[in-house]
Amino acid sequence: MTRRHQPDEEEISAFRQALKAAGVRRINANQADPGKPKRNAVAQAARRQAAVESQSLQTTGRTSDGRVEAVRPSEYLEFSVPDLPWRTLSQLKRGQTGWQAGLDLHGYTLEEARTELESFLRDAVAQHMRCVLIVHGKAWGTTADYPVLKSHTNAWLREWPGVLAFCSAIEIDGGTGAVYVLLRKPGR
């Protein structure tokens, strides 16, 4: 067994001086601020119009009528189809499957969130994306004693036929306020 080199005080001091000389500053907060992506009004309007015009969209049977299983704000979400390889799900859970697009549901009503989510997933599949990030947040609803968007997102994704798996994101991508969604490849 090889032992890891332990730096002495002189090496540590030299390292700290090099960092200071390079202008590296100590981080005050231990959280990344990825910023909120700007909404593309044209793309958003096109997605809404496509959702309204789509004959294949079945709004009946979706769970937006309020009958969902409430989840706790900090609850870890996880789902996968039975035949998904363990390794694929494991990589998704560790944040090792790169996501190609994201959707932030903050600020949407429940119906708007459902419409945006369905349109976003349809677009992602059409563009052959494998993994996307959905930020649902974990704030409690104004008229409910549970996180409404998080609970509904959990139910909606389980019903969506193109979803192979989803799980709560790692902290840098939103933690239990977001989920990675693994999508089925088109034609499968």
Side-chain angles (χ1 to χ4, degrees), residues 31-37 39 43-44 47-48 50-52 54 56-84 86 88-125 129-184:
Q31 288 184 322
D33 180 17
K36 189 172 182 179
R39 290 191 178 142
Q44 184 177 9
R47 283 199 306 269
R48 280 198 176 135
V52 168
S54 174
S56 63
L57 176 64
Q58 297 176 350
T59 54
T60 58
R62 292 283 180 230
T63 57
S64 60
D65 59 2
R67 292 178 293 174
V68 298
E69 181 182 337
V71 296
R72 295 182 317 277
S74 60
E75 187 172 339
Y76 184 88
L77 301 180
E78 181 180 335
F79 164 84
S80 69
V81 295
D83 59 344
L84 186 74
W86 174 86
T88 303
L89 181 60
S90 180
Q91 289 172 335
L92 187 69
K93 289 166 69 171
R94 290 192 309 259
Q96 294 175 336
T97 305
W99 51 277
Q100 293 122 325
L103 174 66
D104 187 349
L105 296 175
H106 285 101
Y108 287 115
T109 65
L110 195 55
E111 266 310 305
E112 290 171 341
R114 183 181 59 81
T115 302
E116 285 297 314
L117 178 65
E118 290 178 351
S119 180
F120 176 76
L121 291 174
R122 205 176 298 108
D123 289 349
V125 169
M129 293 184 187
R130 182 73 169 144
C131 183
V132 295
L133 178 74
I134 308 293
V135 179
H136 48 67
K138 46 188 176 180
W140 289 27
T142 55
T143 60
D145 59 349
Y146 63 93
V148 176
L149 283 178
K150 178 174 183 172
S151 298
H152 278 79
T153 300
N154 181 40
W156 293 333
L157 290 174
R158 290 171 189 271
E159 296 175 346
W160 193 261
V163 171
L164 291 175
F166 67 86
C167 65
S168 291
I170 59 174
E171 282 303 313
I172 198 165
D173 287 331
T176 57
V179 288
Y180 299 123
V181 182
L182 188 65
L183 299 170
R184 187 178 309 276

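Sequential numbering from 1 along the given sequence is applied to the chain's residues. Keep in mind it's a predicted model, so treat the numbers as computed, not measured.
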With the side chain counted from C-beta on, respond yes when [X] and [Y] share a heavy-atom pair under 4.5 Å apart, and no when they do not.
X    : Y    : answer
D173 : W99  : yes
Y146 : E69  : no
L157 : L121 : yes
L89  : E78  : yes

[X] to [Y] - nearest heavy-atom pair and separation:
X    : Y    : result
R72  : P147 : C-CG, 4.0 Å
L84  : L182 : CD1-CD2, 4.0 Å
A113 : W156 : C-CZ3, 4.1 Å
R184 : V81  : NH2-CG1, 4.3 Å
L92  : C131 : CD1-SG, 3.8 Å
A169 : L133 : CB-CD1, 4.1 Å

inquiry  = For a side-chain contact (heavy atoms from CB on, under 4.5 Å) check, start with the C-alpha distance between S90 and K93, then their side-chain angles and the critical distance, and finish with the verdict.
reply    = CA-CA 5 Å; S90 180; K93 289 166 69 171; 5.7 Å; no
Interatomic distance, [X] atom [atom1] to [Y] atom [atom2] [nearest 0.5 angstrom]:
X    : Y    : atom1 : atom2 : value
L183 : M129 : CG    : CE    : 9.0 Å
T109 : R114 : OG1   : CZ    : 10.0 Å
T153 : L110 : OG1   : CG    : 8.5 Å
L117 : Y108 : CG    : OH    : 10.5 Å
L149 : D104 : CG    : CG    : 10.0 Å
Y180 : T97  : OH    : OG1   : 9.0 Å

task = Assess whether side-chain contact (heavy atoms from CB on, under 4.5 Å) is satisfied between Q96 and I170, documenting all intermediate values.
result = CA-CA 10 Å; Q96 294 175 336; I170 59 174; over 6 Å; no
query = Are the side chain of K150 and the backbone N or O of E75 linked by a donor-acceptor pair below 3.5 Å?
reply =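 Such a contact is found between K150 side chain and E75 backbone.
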inquiry  = When you measure from the side chain of S151 to the backbone of V71, do you find a donor-acceptor pair of N or O atoms at a distance under 3.5 Å?
reply    = yes
ask   = Taking everything shown except R94 itself, do over 12 heavy atoms lie less than 6.0 Å from its CZ?
value = yes
request  = Given side-chain contact (heavy atoms from CB on, under 4.5 Å), test V181 with W160 step by step and report yes or no.
outcome  = CA-CA 11 Å; V181 182; W160 193 261; over 6 Å; no
